Amino acid sequence: MRWSQMYTPTLREDPADADAASHRLLVRAGFVRQLMAGHYSLLPLAVRVRSKVVGIVREEMDRIGSQEWLLPAMHPAEIWQKSGRWEVMGDEMFRVKDRKGADIALGMTHEEIFTTLADELASYRQLPQMWYQFQTKFRDEPRPKSGLLRVREFTMKDSYSFDLDQAGLDRSFDLHHEAYTRIFARLGVPAIPVQASSGAMGGSASVEFMSPTEAGEDLVVHCTACRYAANMEKAAAALPAVEDPEGPAAPEPFDTPEARTIEELASKHGVPADRQIKTLVYVLDGALTLVLMRGDHALVEQKLLDATAARAVRPATPEEIKEALGAAPGSLGAVGVEGIPVWADEALRGRRSMTTGANRDGVHLSGVDVARDITATGWADFREISAGEPCATCGEPLQVVRTVEVGHIFKLGYKYTDALDITVLGPDGERVKPIMGSYGIGVERAIAAVVEAHHDEKGIVWPVSVAPFEVVIVPIGKADEDTTKVVEGLYGDLREAGVDTVLDDRDERPGVKFADCELVGIPYRITVGPRGLKEGVVEVVDRASGETVQVPVADAVGHVAGLVAAARRG
């Protein structure tokens, strides 16, 4: 490829609305352009990178024996209704009607469709099966942001496994875990595998691959000592033992007309936050529910959903709270409450001499013994973990890292084969349901994650494995016959050697060419100029390290091809 023939609209200034480094640089370097919020056009350079990302993912999926499919992006509502997810997915699912009035979904994932196709599996002898595809997905994100990191339309590699039993699913899951580890290593994406919630997808044994970046919206709790890692929606930490003093025989009310928050109760009445019971009121699947937390702990809503198996959650309105409990927020508690589910965080188990609201405006109760005075419907770990808390596994301080999810694998179990009634003939002649796993990688997000991990003040620094071009040849100075001969010779020989090469043949100043090469992020640059040619050498620059070496013209192709080959091997 010759640069003069490429469409590469580089910009000298950052786009005003770009917050993430990948967003800023992919726009500036001419890789993407926004059509509307959450929808991006991939320009030629981005298409080249995408092709290489897809190629790496495809190689690793084929390596574990998975087979490639291509399924429709539009789905009839009936299949999603059978699985129960037509309502669960809520506003994130794009829904349309065809000309006959039939409900259609734009596929945000393909569990239902692949499961429907599995109806043609007849016998356990055909198992296991692992199927994958690269397909456009649609998710109506309420706040698309950060360029390709959070969009409404994107390509996903989604794959699904069908096994006879749990042991088979474990094997398929482990194969995907190993494949994903290799994929992200080859892409140059630092990815931490973490325990996670399966959310609306269902299932268990969920692992997310999270890449550290300040542009991420997910927090990962990570222990560098024992390598424990979990998404904040799943993370746990050790709770130091607490010795509570003996309290009164029953809770004692006291007036708090000026204290409506945890902080006000602490500052005005001397009740530390860790000795308060915070009462949160939520509506879970339409039912008012109390959630009890220690005063200094924050609730993770996904943990609440996972523990209660609720499909929908929202905070109760002040009117709903007043009607149910007789008091406004700020004076709420669970002592003596009947007829309303009460879920308590594990940090409150066994606690005595605690303080909570009395369900009378401006009144609190002290001396509360949780086991004696509160009837809990259930107990679970609901709290958000903070940096520095001790690891539950080894006791070392935990780190909290901001990340973006680049891959997700989880064991679906029988959720979809049950819902869609998929069976095969088992070894004993009885019909059995296959057990499933689901595994996803967002292709464009992976591209952005590479840039988040590989850039500097000059631009993108692509790893060789996914770079749009591996080498750029930059002639400078007057284009005389000798220079042209060397440049064209290098260009032809590198391409003959299998090196992905672009020739910057534009009539531009050297500074402009160098700036564009660094912004676009091509790993190696060969500079051919009259001064070097007089000495029989060209200049080879490593974009990542900045190292510059003089190489004889006769050795340049072999030298650069060797660098590229070594980088490809990792």
Side-chain angles (χ1 to χ4, degrees), residues 75 77-95 97 103 105 108-109 111-112 139-143 196-204 206 232-234 277-293 297-346 348 356-361 370 374-384 410 412-416 418-420:
H75 308 160
E78 300 92 286
I79 298 177
W80 286 79
Q81 289 164 347
K82 284 182 181 179
S83 73
R85 292 206 299 172
W86 181 257
E87 296 80 15
V88 171
M89 287 307 187
D91 292 338
E92 284 196 1
M93 179 182 281
F94 282 101
R95 296 169 171 86
K97 290 183 181 291
D103 287 318
M108 56 189 299
T109 183
E111 279 84 355
E112 283 84 353
R139 296 185 183 177
D140 194 1
E141 292 281 355
R143 291 175 298 277
S197 167
S198 298
M201 300 303 177
S204 62
S206 175
M232 187 61 79
E233 296 176 345
K234 195 80 171 178
I277 300 174
K278 178 165 51 180
T279 304
L280 306 174
V281 188
Y282 277 87
V283 177
L284 302 180
D285 292 341
L288 199 80
T289 302
L290 303 189
V291 183
L292 308 184
M293 306 290 298
H297 289 164
L299 169 71
V300 177
E301 286 189 1
Q302 187 61 52
K303 288 187 175 183
L304 178 61
L305 286 169
D306 291 344
T308 61
R311 293 186 173 186
V313 59
R314 66 170 175 84
T317 65
E319 294 75 18
E320 290 170 326
I321 294 171
K322 188 77 172 181
E323 181 181 352
L325 298 174
S331 300
L332 305 178
V335 175
V337 169
E338 297 179 354
I340 299 176
V342 177
W343 284 84
D345 183 71
E346 287 289 351
L348 295 174
T356 191
N359 289 330
R360 284 185 285 159
D361 289 337
V370 175
I374 296 174
T375 301
T377 305
W379 293 81
D381 171 21
F382 295 128
R383 71 189 183 95
E384 181 178 289
F410 44 97
L412 291 173
Y414 298 99
K415 176 180 174 70
Y416 297 95
D418 274 343
L420 299 175

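Reckoned from all heavy atoms, side chains included, excluding hydrogens, waters and symmetry mates. These numbers were taken from a predicted model, which means no experiment stands behind them.
Between H297 atom NE2 and K278 atom NZ the span is 9.0 Å, to the nearest 0.5 Å. The distance from atom CG of D418 to atom OG of S83, rounded to the nearest 0.5 Å, is 12.0 Å. Between the CD atom of E112 and the CH2 atom of W86 there is a distance of 11.0 Å, given to the nearest 0.5 Å. Within the model, atoms OH of Y416 and CD1 of I79 stand 13.0 Å from one another, a figure rounded to the nearest 0.5 Å. Here CE of M93 is found 9.0 Å from OG1 of T109. Values are rounded to the nearest 0.5 Å. Annotation: the span from Q81 atom CD to E87 atom CD amounts to 6.5 Å, rounded to 0.5 Å.
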Please evaluate residues L280 and L290 with respect to the criterion side-chain contact (heavy atoms from CB on, under 4.5 Å), reporting the C-alpha separation (whole Å), side-chain torsions for both, the decisive distance (0.1 Å), and the verdict.
CA-CA 6 Å; L280 306 174; L290 303 189; over 6 Å; no
Test side-chain contact (heavy atoms from CB on, under 4.5 Å) applied to L304 and L284, step by step:
CA-CA 9 Å; L304 178 61; L284 302 180; 3.9 Å; yes
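Contact between L420 and K82 at its shortest, heavy atoms only, is CD2-CB, 3.5 Å. For the pair L288 and A316, the tightest heavy-atom approach, listed with the atom from each and the gap, is CD1-CB, 3.7 Å. Residues F94 and R139 come closest through the heavy atom pair CE1-C, 3.6 Å.
Every residue two or more places apart in sequence or in another chain that forms a salt bridge (charged side-chain N to carboxylate O under 4.0 Å, His left out) with E320 is listed here: R314.
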Residues 321-344 side chain polar contacts: donor-acceptor under 3.5 Å, at least two apart:
unit_1, atom_1, unit_2, atom_2, d
K322, NZ, D361, OD2, 2.8
S331, OG, G362, N, 3.0

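Judged by distance alone, with hydrogens and angles left aside, the side-chain atoms of D345 form a donor-acceptor pair with the main-chain N or O of F382 at under 3.5 Å. Side-chain atoms of D103 never come within 3.5 Å of backbone atoms of K97 as a donor-acceptor pair (strictly under, hydrogens ignored). At distances below 3.5 Å, at least one donor-acceptor pair connects side-chain atoms of D285 with backbone N or O atoms of R311.
In summary, E111 and K415 do not engage in a salt bridge, as defined by a charged side-chain N under 4.0 Å from a carboxylate O.
You'll find the side chain of T289 stays beyond 4.5 Å of the side chain of V281, heavy atoms only.
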